[in-house]
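Below you'll find the structure, written out as structure tokens, and then a few comments.
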Amino acid sequence: MSNYPKPDPATLLEIYKKAALIKLNDERIIKQMMAGKLVMPYYSPRGQEIIPSAISVSLTDDDYICTIYRGIHDMLAKGFPLDELWAELAGRVTGTCKGKGGPMHLTCPDKGMMVTTGIVGSSMPIATGLGWAAKLDGKNRVSIANFGDGAANIGAFHESLNMAAVWKLPVIFVCQNNLYAEHTSVAYSRAIDKISDRAAGYGMPGVTVNGNDPDEMYGAAKVAIDRARAGEGPTLIEAMTFRFNGHLLGEAGHYMDKGLYAQAQKDDPMPILRARLIADGIANEDELAAIEADIDARIDVALAAAYDAPFPDVAELKRDVFAEEIA
Amino acid sequence: MSNYPKPDPATLLEIYKKAALIKLNDERIIKQMMAGKLVMPYYSPRGQEIIPSAISVSLTDDDYICTIYRGIHDMLAKGFPLDELWAELAGRVTGTCKGKGGPMHLTCPDKGMMVTTGIVGSSMPIATGLGWAAKLDGKNRVSIANFGDGAANIGAFHESLNMAAVWKLPVIFVCQNNLYAEHTSVAYSRAIDKISDRAAGYGMPGVTVNGNDPDEMYGAAKVAIDRARAGEGPTLIEAMTFRFNGHLLGEAGHYMDKGLYAQAQKDDPMPILRARLIADGIANEDELAAIEADIDARIDVALAAAYDAPFPDVAELKRDVFAEEIA
Amino acid sequence: MTDTTTTTAPADNQVRKMTAVEAINLALHDAMEADAKVLVLGEEVADPQEGGVMGVTKGLSTKFGEDRVKSTPISEQAIIGAAIGAAVGGYKPVAEIMLMNFVTVAMDMIINHAAKLRFMSGGQTGVPMVIRTMTGAGFSTGGQHSDYWEAWFAHAPGIKVVAPSNPDDAYGLMRAAIDDPDPVLFIENLPSYWTPAPVTKQIIPIGKARIAREGSDVTVIAHSLMVTHSLAVAEKLSGEGVSVEVIDLRTISPWDKETVLASVRKTGRAVVVHEAVKQFGIGAEIASVITEELWGTLKRPVERVGAAFSSVPFSKPLETAFAPQPDTIAAAIKAALA
Amino acid sequence: MTDTTTTTAPADNQVRKMTAVEAINLALHDAMEADAKVLVLGEEVADPQEGGVMGVTKGLSTKFGEDRVKSTPISEQAIIGAAIGAAVGGYKPVAEIMLMNFVTVAMDMIINHAAKLRFMSGGQTGVPMVIRTMTGAGFSTGGQHSDYWEAWFAHAPGIKVVAPSNPDDAYGLMRAAIDDPDPVLFIENLPSYWTPAPVTKQIIPIGKARIAREGSDVTVIAHSLMVTHSLAVAEKLSGEGVSVEVIDLRTISPWDKETVLASVRKTGRAVVVHEAVKQFGIGAEIASVITEELWGTLKRPVERVGAAFSSVPFSKPLETAFAPQPDTIAAAIKAALA
Ligand SMILES: Cc1ncc(C[n+]2csc(CCOP(=O)(O)OP(=O)(O)O)c2C)c(N)n1
Ligand SMILES: Cc1ncc(C[n+]2csc(CCOP(=O)(O)OP(=O)(O)O)c2C)c(N)n1
Ligand SMILES: [Mg+2]
Ligand SMILES: [Mg+2]
């Protein structure tokens, strides 16, 4: 991995901006939920900010991604419009899905965010199909499939990786290994150390990287994306990380290993990256504070607009079932 | 593989007896079908006789097996009663499944033959469950899952191997790789050379052997079965072989590589094993001819009894849907 | 088939109030204690994983061991396959599919195997297993977490379908489901999981409905949460002089035609209510049989109440409008009385 | 909705007789030629694999290339997933699931994704794809190869369900299904695959039924192979002085209520026939709607004909008794006329 391309300072700052947006947005969602203003199942991505941020800097709006219920970080990193996001979370008609999808089904095709699924594993077959479409388009687009460590044990994983390999599709399978699937630690669900070892069984490269390290994550993603764009086929990336807020917001997390949790907190990638930017002279405290304040201000606006917007009319139940409205 | 245990002469003869039964029975089925006496979809195992024969000599009636539509060889090797088999193929009420199951669902729990499925891949999850039952029983039983090369690409394969590995179940996954899945050659369905390479992704041993060679097949099976009985968990065996009669009896086989076919015919394991028994002095021509004549005579009896037996009554439609007959 | 009970009499004076979560937990506990062949498997079901996402299986692995209570990888096909194999191998597994939408991943195992193995083997291999699953709209979980698909399984010969409406039934039907020689799909309603009610610990036979409330003007046939809504509506309408008989189906397949037909024979009017989408839902079969059997007696066509023809929407006002509510049921009853 | 046609007039004088296999092949060919976005995928569909197990897709990969016509590994989840992804990415894939029993493996992709993505995304992502599958009892293929499961999909909002009864409809409905902006499940009947009939190459609108035979005494509503059986029975009964109107549903969801109700309004009697198991089959919904809408007009309860409540049995006499046959249909018609 030492020969991975490294992010330059501007890219590193860009990664931080995306990651900070994810973190601050997450904190605000939790605050709003605690205040009873937002009512929804929430799968916080806190702790996993670096992964999509370091991937997305190598993507354009044309590239496709599919993600899962815990995917708001993937979305924000790829440029999901904040206003439409908040309106959707608030179930308003101004939301990206008119309030019909909610947090588990965020979609924004304009920016390549095609499918968010609540079914474990199901991002992968669809991302594979988007990879096929991308290949047919001939525009060097790539398709990113995000999923968790738990999802690597379901049948859809196997079928998708195999098909993508046989068809040499430009798909990057990103397994965000946060060590738990709901309350199940990885040790309970597989008898191997690294999920990336499964790649060999499909004939594609597989790597395990520290997903919290912007250098490694950026490098591994860049190599895989370049490879996909060059028509050389898919890659499996296992990005090691941690979820700080448990599976579903509000759970107690008793099943978690205390030592692991403490260590993960020490390794929290956000303060580490922030400190590094300052230490390396990429940005100073004031600049970073300004970036963060700007994000907060944008969230303020999005949030206020969301709550002001109307709920969808019940007539919406008849729309979008089929292309033609039901009589 | 050179350190695999080898079958002794008596075992080798036993393997031949099973294999000859499979081959002669297959020929008779085809004859009866050609004569219009049997009407059914038939997936001939011709060419794959050695695999289950060399496995079954290490099994007892207590051990479980699950197999697939192309599984009559697995059944006969494990001791499926010939009378009940023929009656079932003829759709008679004296068949093992009262004529309700037919060739794709042959079942004989008394001899451990628990499930035959017509759905690709589905033998594996159920065999995994039988492995769990076997483990709970504490009697050192094993569970054999038979499936094809094509089935190794379906999700059920992945989930089953992973679960069996995590739970350390006494399951032997036997992939009978006959180079084709219906009309699809293996090259079209995977980007790797050996299916056994997938075992590493689950944390279990995986081997590829010449399934047509009784020594290799016996050895690999014995090691896996002993390992399972010792509580050390599952094994994936990829047994290389060939199907001489195509996928479904009656197809033209135009999709088959002619060179491959010619080579396979030269490698037909049945004449080779027969010649070896004679060459090694394990049995002479007369003894083998007597064995074969005896098999033929048993088939004569089974076949005649089958055609003489009555068809099931239509009242059978109400039976065995639930344990209690439907009113 | 005459042992339908109007109200369940307490078996002894140990009647405790509990939630459905507690009642199901107790049923599993009692069944595992009574029979060493009873097993539990599914995602998170063992105690190191907190005994199920909702805690329904809490304590079982600690008491009965992690050989009998197994947390699984996220692998629904293997979960059901493992249960089928264990059942065919002589055990009585209770497999959890966390939410009903996830049964879609395991349909081959359920439909082509669990439901068919007895028939296809000519009776040689029964599959005595229970598939527990939960569902129900109301928690803003959106399009992939709240569907009711009982109609699919009712249409599939070989598998029974049960859906309790209260903790007492949850206990009694779970015990019966575990003892049943055939596969049973056991549908739990998530939004009413934590509503406490008395639990008598009586085993309730599969295939029998319960007259949850007697009445004479119109018969409402419901299951799961819709029984609660229907009872509330019946109570309200009794104030308006309308006498509503409410039948809790308890078992959807095979359903209790005798009890339903006897009631509609009496009232001459019927309303079938389910939370599943109305079109091609189980209400159609029940309405058809009532119409076929009671033609001439029936005073009005059977009314059917079900969810809107859409995915379950996220936004609260839409979610409420999507699923049948007490006022929808009341309106259908009035239509039936017209 | 008044453009129901009684008989399909030939569009030109190029009407050829062909089998359903040929008609579907031609429809796929013409659609691929007309629109470069049309793709075909599934097990064996390309020519090196002989263009499908039944040859339905023969010649397509040779003409349009193996980028657009892709043989797949045996991976039904990935097949449907690939089709969904391609559809969301702007293509019009036609995915084959070899037999209808194998849809069970891909139900999550079909039900939770293909059918729901448009709704859940608020209309942003349509899924214009076709799932071709074949089924039908009669070939002694037993319990896992002949089921009709159209009721499952009709109950699922967001996916259309089509089932042609003859080669002309197979062509015309396939062209319409490919052009449709929504996912369409296209059910082909295997036992009648090779029965030739004239094909006019007209596109047939989804959602419209066809009056296959006019009559005045009773309306038979059928689809797929049951239309052929019903027409034969109607012909026979006409000799006995009974005038049977036969409606070919063509589309099961959304079904053509107008045409069905208009017919039953005229005849006052109805029989719904399908090969799927009768209980909880689509006949229940159709009978219920007829009863609800034509209460007072209807002279007898709607009769329903469907398969026995069992798995499809192997043994020939059982298989014949399992599925509806012309005499079963005739008996139901007589019951409706009683
Ligand atoms: C097919 C299916 N089974 C079960 C679930 C319930 N479920 C939701 S999230 C989850 C855990 C997934 O863990 P992982 O893949 O590691 O992703 P993470 O939540 O950790 O990001 C489970 C079991 C589901 N949504 N879909
Ligand atoms: C889930 C599923 N998909 C497709 C089929 C149709 N089918 C039957 S056999 C077969 C090929 C299987 O090939 P393989 O696993 O190599 O076994 P073999 O027939 O060669 O023994 C296919 C695709 C099926 N039965 N089940
Ligand atoms: Mg995880
Ligand atoms: Mg094969």
Side-chain angles (χ1 to χ4, degrees), chain B residues 38-41 69 88-93 95 97-105 117-122 148-157 180-191 247-248 251-255 310-322 326, chain D residues 42-55 57-58 61 66 70-79 81 97-99 101-106 108-109 138-147 190 277 279 307-323:
Chain B
L38 283 183
V39 179
M40 60 179 190
Y69 51 91
E88 188 64 28
L89 299 183
R92 299 312 207 271
V93 72
C97 308
K98 302 190 208 162
K100 291 156 110 168
M104 277 200 262
H105 306 298
T117 181
I119 309 293
V120 166
S122 297
D149 45 286
N153 299 317
I154 203 164
F157 167 92
Y180 287 92
E182 292 201 336
H183 305 170
T184 306
S185 86
V186 287
Y188 259 81
S189 63
R190 55 185 168 84
H247 177 63
L248 183 64
E251 63 156 61
H254 294 312
Y255 56 86
F311 284 101
D313 190 274
V314 294
E316 282 297 335
L317 287 175
K318 291 177 182 292
R319 295 189 195 123
D320 306 322
V321 176
F322 293 122
I326 293 174
Chain D
E43 292 152 18
E44 335 271 319
V45 298
D47 287 330
Q49 291 75 39
E50 303 200 347
V53 264
M54 302 297 161
T57 51
K58 215 184 260 314
S61 76
E66 283 191 56
K70 292 198 86 70
S71 282
T72 66
I74 308 175
S75 310
E76 280 79 6
Q77 296 188 66
I79 292 170
I97 297 291
M98 202 177 283
L99 284 174
N101 281 79
F102 315 154
V103 297
T104 52
V105 184
D108 165 55
M109 280 292 131
F139 278 4
S140 305
T141 48
Q144 294 177 332
H145 281 64
S146 332
D147 285 328
L190 184 55
V277 162
Q279 287 84 349
F309 194 72
S310 80
S311 303
V312 184
F314 167 69
S315 184
K316 199 69 205 166
L318 292 190
E319 193 188 26
T320 305
F322 165 83

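As a basis for the values below, the full set of heavy atoms in this structure was taken, side chains included, without hydrogen atoms, waters or symmetry mates. Chain A is the first sequence line, chain B the second, and so forth, proteins listed ahead of strands; every chain is numbered from 1. Just so you know, these numbers come straight off a predicted model, no measurement behind them.
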Quick one: of [options], who has the most non-hydrogen atom pairs under 4.5 Å with chain D?
{"options": "B/Ile326, B/Val93, B/Ile154, B/Asp313", "result": "B/Ile154"}
{"options": "B/Gly150, B/Gly155, B/Ser122", "result": "B/Gly150"}
{"options": "B/Met40, B/His105, B/His254", "result": "B/His105"}

**Q.** Note, B/Val39 side chain near D/Lys316 side chain (heavy atom, < 4.5 Å)
**A.**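 B/Val39 vs D/Lys316: side chains apart.
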Q. Mind checking whether B/Tyr188 and D/Glu66 have side chains closer than 4.5 Å, heavy atoms only?
A.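 B/Tyr188 vs D/Glu66: side chains touch.
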If every non-hydrogen atom of [X] is compared with every non-hydrogen atom of [Y], which pair is closest and at what distance?
{"X": "D/Thr141", "Y": "B/Met104", "value": "O-CE, 3.3 Å"}
{"X": "D/Pro48", "Y": "B/Tyr255", "value": "O-CB, 3.5 Å"}
{"X": "D/Val105", "Y": "B/Ile119", "value": "CG2-CG2, 4.5 Å"}
{"X": "B/Asn153", "Y": "D/Ser75", "value": "O-OG, 3.0 Å"}
{"X": "D/Ile74", "Y": "B/Ala181", "value": "CD1-CB, 3.8 Å"}

Distance, nearest 0.5 Å, that separates [atom1] of [X] from [atom2] of [Y]:
{"X": "D/Glu50", "Y": "B/His247", "atom1": "CD", "atom2": "NE2", "result": "12.0 Å"}
{"X": "D/Phe314", "Y": "B/Lys100", "atom1": "CZ", "atom2": "NZ", "result": "14.0 Å"}
{"X": "B/Lys318", "Y": "D/Ser310", "atom1": "NZ", "atom2": "OG", "result": "9.5 Å"}

Measuring heavy-atom distances to chain D, does [X] have an atom under 4.5 Å in its side chain, in its backbone, in both, or in neither?
{"X": "B/Asp320", "answer": "neither"}
{"X": "B/Phe322", "answer": "side chain"}
{"X": "B/Val120", "answer": "side chain"}

Q: Walk me through it: do D/Glu43 and B/Thr184 pass the test side-chain contact (heavy atoms from CB on, under 4.5 Å)?
A: CA-CA 8 Å; D/Glu43 292 152 18; B/Thr184 306; 5.7 Å; no
(Q) Under 4.5 Å from any heavy atom of chain B, what part of D/Ala321 do you find: side chain, backbone, both or neither? (A)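 For D/Ala321, the contact with chain B is made by backbone and side chain together.
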Q: Just give me the residue among D/Phe139, D/Phe322, D/Phe309 that pairs up with chain B most often, heavy atom to heavy atom, under 4.5 Å.
A: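 Of the options given, most contacts go to D/Phe309.
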**Q.** Under 3.5 Å donor-acceptor, D/Ser315 side chain and B/Gly91 backbone
**A.**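 Looks like yes, one N/O pair under 3.5 Å.
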Q) Any donor and acceptor pair, going by atom type alone, linking the side chain of D/Gln49 with main-chain N or O of B/His183 inside 3.5 Å? A)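 Not confirmed, D/Gln49 side chain does not pair with B/His183 backbone.
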